[in-house]
Amino acid sequence: MSLIRPYGDTTGDGMVQLSFTLPIEHSKVAEGAAVQLANKMGMDPALVVHSKAVGEGFTFFVVYGRVNHLVDPSTVEVVERDYPLLTPKEANAAIKRSLRRRLVVVGGCIGTDAHTVGIDAILNIKGFAGEKGLEYYRELKVVNLGAQVSVPQLVEAAREEKADAVLVSQVVTQRDAHLLNTREMSAAFREAYPAAQRPLLVVGGPRFDEKMAGELGVDRVFSRGTTPGEVASFIVHRLAGPRPSSQQDEKEKAS
């Protein structure tokens with residue numbers, strides 16, 4: 001794949017739009033400071049197309065300008081989906097066939113995060129993006145703990161419900177709170193459970209990098225735009241999917 005350049009008004013013109021806030025009163029000097037910052041970031045020329053005071057001593061800017069940087073798509077690293085997307089019917093059948101019981105999912109927002117829109121979109125029956133949430137799945141037992149759940153409360157609930165999977169949503173990201181909370185959560189589960197018995201740990205939120213699962217100590221990271229079907233398919237794939245052939249052969253020999 002060839003190198004590509006940003007597109008604004010005409011193909012390959014390198015024009016981009018950037019928004020940011022500076023701790024300065026709204027004024028012409030502030031707009032000049034915004035242009036100076038954009039220039040230092042490689043935008044030249046740069047034009048302030050919007051500026052507005054956002055509280056005392058702060059100004060929000062939208063800057064439009066040209067950059068000379070090229071992008072090489074062949075070097076981009078992403079987390080590709082490595083499991084099949086299942087319909088609710090297929091997911092239910094896989095759980096019933098493999099576990100022969102309902103698969104238990106416990107979810108919530110940890111720390112001081114009170115934004116339940118994300119976790120509700122995945123768990124609640126009304127769902128998101130035209131897909132039903134996990135409560136719609138007959139073979140899933142869903143326990144939604146809601147907002148501002150402490151890590152000890154989450155671990156205790158997972159133990160009480162005998163959770164197979166734990167889903168955590170984090171929207172509050174100031175000072176990397178979502179990363180700190182996730183690391184605390186994963187450490188608590190490692191301490192509370194033997195490795196073979198630990199629930200599947202899944203986190204999601206708009207500011208997460210999907211490549212950080214290993215660094216954060218969780219099994220999967222989902223970012224913005226994730227649908228209930230994607231989450232359900234991943235959980236079923238990991239917990240109720242086909243067993244490796246070696247395990248299947250050993251079980252058949254034992255029987």
Side-chain angles (χ1 to χ4, degrees), residues 1-81 109-122 128-131 147-148 168-183 203-213 215-216 218 220-227 230:
M1 186 177 295
S2 61
L3 299 178
I4 58 176
R5 189 188 300 274
Y7 167 90
D9 300 314
T10 58
T11 302
D13 61 10
M15 301 299 287
V16 299
Q17 183 170 289
L18 175 69
S19 63
F20 53 86
T21 301
L22 290 178
I24 186 172
E25 290 285 353
H26 185 214
S27 65
K28 287 187 175 297
V29 171
E31 292 192 359
V35 170
Q36 185 182 114
L37 175 63
N39 289 157
K40 290 184 176 181
M41 296 175 70
M43 295 177 66
D44 187 20
L47 175 67
V48 174
V49 295
H50 174 75
S51 64
K52 183 178 181 180
V54 285
E56 186 176 349
F58 293 88
T59 306
F60 173 76
F61 302 93
V62 177
V63 179
Y64 188 64
R66 179 181 293 109
V67 297
N68 294 315
H69 307 296
L70 300 176
V71 178
D72 184 358
S74 66
T75 64
V76 175
E77 296 182 5
V78 297
V79 177
E80 298 284 2
R81 178 169 53 82
C109 302
I110 59 176
T112 59
D113 201 330
H115 300 76
T116 61
V117 174
I119 196 69
D120 288 344
I122 299 301
F128 167 70
E131 294 184 5
Q148 298 183 324
V168 167
S169 173
Q170 290 280 264
V171 175
V172 174
T173 59
Q174 284 86 346
R175 297 182 181 179
D176 286 338
H178 60 309
L179 304 180
L180 297 173
N181 289 339
T182 300
R183 290 190 178 99
V203 298
R207 292 282 297 277
F208 278 107
D209 182 343
E210 293 181 325
K211 300 189 295 293
M212 294 183 68
E215 179 183 338
L216 296 175
V218 298
R220 190 79 178 197
V221 172
F222 287 106
S223 191
R224 53 184 168 74
T226 300
T227 65
E230 290 176 300

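When all heavy atoms of R5 and N68 are compared, the pair lying nearest together is NH1-O, 3.6 Å. Nearest approach of A147 to A114, heavy atoms of both residues: CB-CA, 3.6 Å. For the pair S2 and P73, the tightest heavy-atom approach, listed with the atom from each and the gap, is O-CD, 3.6 Å. The two residues D209 and V221 have their closest heavy-atom pair at O-CG1, 3.6 Å.
Checking side-chain atoms of S169 against main-chain N and O of G118 turns up no donor-acceptor pair under 3.5 Å. Formation of a donor-acceptor pair under 3.5 Å by the S27 side chain with backbone atoms of A30 is found in this model. The backbone N or O of C109 lies less than 3.5 Å from no partner atom in the side chain of D113, so there is not a single donor-acceptor pair. Side chain of E131 to backbone of F128: no donor-acceptor contact under 3.5 angstrom is found. Proximity of a side-chain donor or acceptor of Q170 to a complementary backbone N or O of I110 within less than 3.5 Å is detected.
To the nearest 0.5 Å, atom CD of residue E210 and atom CZ of residue R224 are 9.0 Å apart. From S223, atom OG reaches atom CE of M212 across 11.5 Å, with rounding to the nearest 0.5 Å. Between D13 atom CG and D9 atom CG the span is 5.5 Å, to the nearest 0.5 Å. Note that CD1 of I4 and NE2 of H69 are 14.0 Å apart. Values are rounded to the nearest 0.5 Å.
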Stepwise, does the side-chain contact (heavy atoms from CB on, under 4.5 Å) test hold for L179 with L216?
CA-CA 7 Å; L179 304 180; L216 296 175; 4.1 Å; yes
Item checked: Trace of the side-chain contact (heavy atoms from CB on, under 4.5 Å) decision for L22 with F61 -> CA-CA 8 Å; L22 290 178; F61 302 93; 3.8 Å; yes
L18 vs M43, test: side-chain contact (heavy atoms from CB on, under 4.5 Å). Steps then yes/no.
CA-CA 10 Å; L18 175 69; M43 295 177 66; 4.0 Å; yes
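Within the 4.5 Å cutoff, side-chain heavy atoms of E215 are placed close to those of R183. You'll find the side chain of M15 stays beyond 4.5 Å of the side chain of P6, heavy atoms only. Using a 4.5 Å heavy-atom cutoff, the side chains of R66 and D44 are not in contact. Side-chain contact between T59 and E25 is absent, with no heavy atoms from C-beta onward closer than 4.5 Å. With contacts defined as side-chain heavy-atom distances shorter than 4.5 Å, the pair V171/V117 does not qualify. Inter-residue side-chain proximity for V48 and V35 is flagged as met; some heavy-atom pair is nearer than 4.5 Å. Using a 4.5 Å heavy-atom cutoff, the side chains of H26 and F60 are not in contact. Looking only at side-chain heavy atoms (C-beta outward), F58 and I24 stay at 4.5 Å or farther from each other.
The aromatic ring centres of F208 and H178 sit less than 6.0 Å apart.
Crowding of M41 atom CE: a count of heavy atoms from other residues, nucleotides or ligands under 6.0 Å not exceeding 12.
In this structure, a donor-acceptor pair under 3.5 Å is absent between the side chains of T112 and Q148.
Note that R220 lies in the cation-pi zone of F222, set by a 6.0 Å cut-off to the ring centre and a 45° limit from the axis.
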